[in-house]
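A quick write-up on the structure given underneath.
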Amino acid sequence: MVQTAVLPPCVAADVQGDLRERSSIAPDPKADHFVEELLGRMTLEEKLGQMSQVALNAPGGEISPEDRVRRGEIGSFLFTTDAGQINRLQHIAVEQSRLHIPLIFGFDVIHGFRTIYPVPLALAASWDPEQAERAQGMAAREASAVGINWSFAPMLDIARDPRWGRIVEGAGEDPYLGARMAEAQVRGFQGDRIGAPNHILACVKHFAGYGAAAGGRDYEESNISDEQLENVYLPPFHAAVKAGAGSLMSAYMDLNGVPATGNRWLLHDVLRERWDFSGFVVSDWESVKSLTTHGFASGPEDAAARAVNAGVDMEMTSHVYRDELPAALKDGTVKQATLDQAVCNILLAKYRLGLFEHPYADVAGAPAQLVTKEQRDAARSIAAHTAVLLRNQGNLLPLSRDVHSMAVIGPLADSKPDTMGPWSLAGHYDDTVTVLEGLRRRFPSGVTIQSAKGVEIDRGAPTIFDALFQSPKPTLTTEAAKEAEFRRAIDLAKQSEVVVLVLGEEQSMSGERASRSSLTLPGRQQELLEAVVATGKPVVLVLLNGRPLDLTWASEHVPAILDAWYPGTEGGNAVADLLFGDAAPGGHLPLAWPRSVGQIPINYARNTTQIPEDPEHRYWDGSSLPLYPFGYGLSYTSFSLGKLKQSAPSVRAGASLAISVDVTNSGRLAGDQVVQVYTHQRSGSASRPLRELKAFKRVTLGAGETKTVTLAIDTNELSFWSPQTHQRSIEPGPFDLWVGTDASASDHSSFTVTR
Ligand code: BGC
């Protein structure tokens, strides 16, 4: 056990290194010494100050935030994004507080700061960790330019229920893809070490199990078996910790009956003891205070004691630590060493970030670092890289360059917020290029582009972001105006050679507190889609969305469907690049796409059960297969895969098995393909899923080109936590192996894992 009570606090986390799978944050004795010395000079109030994060504009008491900073009573701000404001507060902390401890400024840099990149679900759809790293690296550069030191990202919650609005913030349903995206994003935010120039601290969230909120209803309890928690929900977090993530956020909800923010098993036994995490833990928004609301803590003092004893170092926005921990220390429910360890963890992060040496932002230089050409170019190419082509009958796409007239229709076609998507709080509408604008810019003359909203969509219920986003208000307010607009859209379609319909969900329909009970296209969009298709014109459906939507009808009647997700600032240009073939869609789905809400959950990695040969008829009233499988995505070209080859028929546990396959671009255009490797353990101490992704690679091939793609199955990835043995191990024995381009891959082989 870690002996926090007897060891100097800052080294306590390192004592069992040999027994654990270590976090890759390098130990730094100089930092430990610096922090311990500083800790020795701190008063209790100053220590509690470091453990306190506040929102500048939150209603305060009689003492202003500035005075609190002066008194050393605040350690961090969130939601302060103006460089001047940040520096003003930092000057107060560094020059006017007794111990000159710098503040750490946190913000939700979820998919970009001022330049908005595609949403995280889209980054996962790229199946290209390098591009996810690049996007978060570019975002970190902008955020750090204004003085933000810390992003509340990446979100690593595995989500298998698209009703849950926050599915948009993660990497989808799969722990292996999720883990690769987790590592990549940590590297993107932090660079090669915490404190690398132009980078910021990552905060992996929400630990853990938030994605399994009951019924997809945001904030509801998660009930997850130990087997699923260990094998599905925790692995991306573990991967991020191993990649050196410097901070972690505890989740809001009850996990199997214990609130995550008061869950010592999660935050101490797993995170600190098993994984050797040496960063710091922040609560979610008021989630320390709400331990009482959960009916877990008996009141504020108990809430504070339970959270800090569980391992929450910093409290976000509520102030029960500040108000209640002094009494808890006196009562003995919290030990001084526990509190000191929390302060150490925070101070170490500030030290590692270099804040004690370079606390200030370059206020004058900051504006020139925002929405630069380099940022825009990156945002445009990454947005194109994340799009998924779901259907392309008769090769309608890419569109002919000889097209003379086009109708661009739909409520999202010219909407800046809905191109940016949720969690784009520092983005500017003015910077953003909509699909309509992207297409118009591409054809300054010669092509007639007419546009109509057709229908309006409106969430019709308040959101927690209403005060932060100035979302445009509906303009079609009367029934007559709505009917006239609908008819105008159909008329424009009839007058045009081709129709681009931009449908999906508004920014506010996805994200936090944005869960839905249905997956249909909101409002009258389905009716509009059917009416436009009925004109007989070729129709391209471009989706802007953060979750799968019901495309059952569209998948049979609309010739081309391109999922652009929420593509960000350069979204419209990227879509124009894709529609006209200057970029080729090559993304693949990071989740299985259900036909309807009734199929949820429909993730591919399920266990085999009775009558396995008939997976399609588990319901008598409809198919039980998804509309599109996990890993699915088309291209403008066609590919063929040769027979898979493996380096050996068997592999020793701990070693790797090499798999190779020839991929040929058999079409006439360049394109990308994602080669995916799935395995299945045939027998063991527990049943294992039918298929599990264990390796993948995205490759680009010119027309007619063949490449041999080599991938390695790391047998450590075949280990699993067994509900029988309660241990993680690789169980020797026979495995099935498939290689293909989605989870229905049919090229099959097998191998044996030996001791
Ligand atoms: C969310 C977090 C977010 C925090 C700060 C909370 O409501 O759950 O994901 O980082 O607010 O904005």
Side-chain angles (χ1 to χ4, degrees), residues 52-58 75-81 104-113 119-121 136 139-140 143 148-159 164-171 182 185 189 200-213 216-222 236-237 240 245-255 259-261 279-291 293-294 307 312-319 421-427 462-469 507-508 510-515 546:
S52 160
Q53 180 183 58
V54 303
L56 187 61
N57 299 326
S76 174
F77 282 97
L78 78 165
F79 279 12
T80 304
T81 54
I104 179 169
F105 290 89
F107 188 62
D108 290 282
V109 186
I110 307 295
H111 54 115
F113 178 66
V119 287
L121 190 63
Q136 300 302 25
I148 286 168
N149 327 106
W150 179 24
S151 171
F152 303 132
M155 187 191 97
L156 307 183
D157 297 312
I158 294 295
W164 189 51
R166 304 196 77 170
I167 198 168
V168 64
E169 296 174 48
Q185 293 185 80
F189 284 120
I200 58 181
L201 193 72
C203 181
V204 299
K205 69 185 188 186
H206 307 83
F207 199 58
Y210 187 19
R217 296 179 293 271
D218 206 4
Y219 311 136
E220 295 266 302
E221 66 186 310
S222 294
F237 287 96
S247 74
L248 175 142
M249 187 185 293
S250 65
Y252 278 131
M253 62 330 120
D254 275 6
L255 173 65
T261 296
F280 76 100
V281 175
V282 64
S283 76
D284 205 342
W285 189 284
E286 295 199 348
S287 69
V288 175
K289 180 173 150 197
S290 69
L291 292 180
T293 320
H294 283 258
V312 176
D313 303 315
M314 183 184 279
E315 178 184 12
M316 185 187 282
T317 59
S318 49
H319 32 82
W423 287 114
S424 51
L425 297 165
T463 89
I464 48 170
F465 298 105
D466 284 343
L468 301 166
F469 285 121
Q507 175 188 57
S508 66
S510 204
E512 187 171 349
R513 234 190 274 184
S515 293

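Read the numbers this way: they start at 1 and go in the same order the structure lists the ligands and their atoms.
Test V288, V312, L255 against S250 for side-chain contact (heavy atoms from CB on, under 4.5 Å) and you get one pass: V312.
Close approach of ligand 1 to F79 (heavy-atom distance below 4.0 Å) involves ligand atoms 12 (O). When each atom of ligand 1 is checked for a heavy atom of H206 under 4.0 Å away, the hits are 2 (C), 8 (O), 9 (O). Applying the 4.0 Å criterion to heavy atoms of K205 picks out, from ligand 1, the atoms 2 (C), 3 (C), 9 (O), 10 (O). Counting the atoms of ligand 1 from 1 in the order shown, those under 4.0 Å from a heavy atom of F152 are 10 (O). Near E512, the atoms of ligand 1 lying under 4.0 angstrom from a non-hydrogen atom of the residue are 1 (C), 6 (C), 7 (O), 8 (O).
To the nearest 0.5 Å, atom CZ of residue F207 and atom CG of residue D284 are 14.5 Å apart. In this structure, L248 CG and F237 CZ are separated by 6.5 Å, a value rounded to the nearest 0.5 Å.
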Between W150 and F280, is a ring pair (Phe, Tyr, Trp, His ring centres under 6.0 Å) present by the stated rule, with each step listed?
CA-CA 12 Å; W150 179 24; F280 76 100; 5.0 Å; yes
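Atom 4 (C) of ligand 1 has its closest protein heavy atom at D284 OD1, 3.5 Å. When hydrogens are left out, the protein atom nearest atom 3 (C) of ligand 1 is D108 OD1, 3.3 Å; that is the closest non-hydrogen contact.
The shortest distance between side-chain heavy atoms of Y252 and D218 does not fall below 4.5 Å. The closest side-chain heavy-atom distance from D108 to F79 is below 4.5 Å. Using a 4.5 Å heavy-atom cutoff, the side chains of P120 and M155 are not in contact.
E169 does not count as a contact of ligand 1, since none of its heavy atoms falls under 4.0 Å from the ligand. Within the structure, the closest approach of M155 to ligand 1 does not fall below 4.0 Å when heavy atoms are considered.
The residue among Y252, Y210, Y219 with a heavy atom at the shortest distance from atom 7 (O) of ligand 1 is Y252.
Residue contacts with ligand 1 for R166 involve side-chain atoms from C-beta outward but no N, CA, C or O (heavy atoms, distance under 4.0 Å).
For K205, the NZ atom counts as densely surrounded, since its 6.0 Å shell holds more than 12 non-hydrogen atoms of other residues, nucleotides or ligands.
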